[in-house]
2 protein chains.
Amino acid sequence: MDPTSAHTAPEAASYRLLIVEDDADIRQLLDLLLRRTGEYAEVRSVEDAETALAGGSTDAAATPGSTDAPAPDPAPDLVLLDIGLPGMSGLEALPKFRAAWPDAQLIMLTIRQDDQAIFDALCAGADGYLLKDTPPERLLQALRDVRDGGSVMSPAVARRVTQSFKPAAQSPLSARETEILALLCDGLQYAAIGERLFLSGHTVRVHIRNIYRKLHVHSRAEAVRKALGDRLI
Amino acid sequence: MDPTSAHTAPEAASYRLLIVEDDADIRQLLDLLLRRTGEYAEVRSVEDAETALAGGSTDAAATPGSTDAPAPDPAPDLVLLDIGLPGMSGLEALPKFRAAWPDAQLIMLTIRQDDQAIFDALCAGADGYLLKDTPPERLLQALRDVRDGGSVMSPAVARRVTQSFKPAAQSPLSARETEILALLCDGLQYAAIGERLFLSGHTVRVHIRNIYRKLHVHSRAEAVRKALGDRLI
DNA sequence: CGAACAATACCCCATATGGCGTATTTCACT
DNA sequence: AGTGAAATACGCCATATGGGGTATTGTTCG
């Protein structure tokens, strides 16, 4: 029943963490928190993406057990990545991390919760998105969820994401126009749409003309883009 | 620090739950679990969507405090909705619930974790998606997150969702073709694309022809649909 | 070294598209 | 009773589109 122990397998194989966070205080706090759990074979924390990709370790001194041998740093299994980094931003770093460690779980850990950052990160291939105000217990739980093959999003982030799937609140289009727009998105041409709906091609054309006017577009390509982007269909 | 008390405001205003679940055992278990917290002004549980929308209560007998007056059932603030319901499915019920209670949070609580169910539900306007194997403590935490304005997804569900944002693993298109496809999605025509890329319209046309062949489409509309749907751009 | 592909550029041509009209009917709202 | 929007249908016409070719130049890979 204890939520902190649920799903916590008896120390799965070696599992390596990498923290990329420029703020020294937060970085060391995270480093300490995650080390203390004893759940991870390695916790490495660096201050920027360049260092992470180069293999260096900012807080190496905080790891008494490690030798000074420049171990060829095995791939991390999970990366906690800040967005607001000096130099290469977390968003720019995402694809590079993905290329460097294809099997690593890349989790954003940032203060930003605007749509821009969230969807940029997800579209760049982030496997999760946590906010920095996540309480320690929940952060640990989230990382366990990721280790178990799941993904995680802070509730505020999940809200943005679920909202993004919702159909447009109010479409400027009539029911008939929406119906025709859907067929247009399927690539059907005037006559074909007409056959489906038992209309003349002329009528379909008028409808599409009205759709273009209402959506402020001038071509099928733009109409399809807007229809899919704004979830009009 | 206790994760079960974090974010739990001192009994916010009245907050009503509605559970729609056909399995009597599960329904009563949920009902009991949620009532016991004392966090909710009302916990109503019904066995199908029709009953929920009609205002009836299957487990009314389990609510000793309630009178037999047919109260005009105030709108619930949060609905836990199963998908595999007898009669109207949870997916069909979603829009009706949304229409009946525009401000309610509609959270799926189901055993299904296939892409079909998940994305159907989200596209139909679900505010969250939890799996039935969610441990009780985590279910309660999730509902608190929802009450606080967030959304929730079980890790396995969140995984599917985050994956859906990732760019296509391997596109059949060359870099140049991808570039041209992007401009095509913007609604530009041959000549305009050519101007942007310092190409002749003829060349653009050949590229687009090749794109069509590789994507198995025959029109701009289909190409745009596929490009956006498969995240080729 | 040859095959295959990517990228560039041009040709012909039937058809689809989109901008501009007009017109009728129905239905809702004022 | 009138105004407007939606849905139906038709016209003209310049241009864009897509299916079919050919050709040259590189690069890459076996």
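Worth saying up front: this structure is predicted, and the values here are computed from it rather than measured. Note: hydrogens, waters and symmetry copies are ignored here, and every other heavy atom, side chains too, is used. Numbers restart at 1 for each chain; the letters A, B, ... are given by sequence-line order, proteins then strands.
Residues A:M153 and B:A158 approach most closely at CE-CB, 3.9 Å, considering heavy atoms.
Below the 3.5 angstrom threshold, one finds no donor paired with an acceptor across the side chain of A:R220 and the base of C:dG18.
Checked against B:L81 for a side chain to side chain contact (heavy atoms under 4.5 Å, CB included), the options B:I19, B:L94, B:L18 give a single hit: B:L94.
Geometrically, A:R220 engages A:Y190 in a cation-pi contact defined by less than 6.0 Å to the ring centre and at most 45° from the axis.
At a non-hydrogen distance threshold of 4.0 Å, A:Q189, A:Y190 from residues 174-203 of chain A come into contact with DNA chain C. Of the residues in residues 206-214 of chain B, B:V206, B:H207, B:K214 come within less than 4.0 Å of DNA chain C through at least one heavy atom, sorted by number.
In this structure, A:K132 pairs ionically with A:E21, as a charged nitrogen and a carboxylate oxygen lie closer than 4.0 Å. Using a cutoff of 4.0 Å between basic side-chain nitrogens and carboxylate oxygens, A:D127 and A:R98 are scored as salt-bridged. Looking at A:R147 and A:D77, no side-chain N of the basic residue comes within less than 4.0 Å of a carboxylate O on the acidic one, giving no salt bridge.
For the residue pair B:R159/B:Q113, the side-chain donor-acceptor check at 3.5 Å is not satisfied.
The stretch residues 212-233 of chain B participates, sequence neighbours left out, in no ring pair (Phe, Tyr, Trp, His ring centres under 6.0 Å) pair at all.
Rounded to an integer number of Å, the gap from A:L173 CG to D:dA5 P is 15 Å. Going from atom CZ of B:R205 over to atom P of C:dC13 covers 14 Å, rounded to whole Å.
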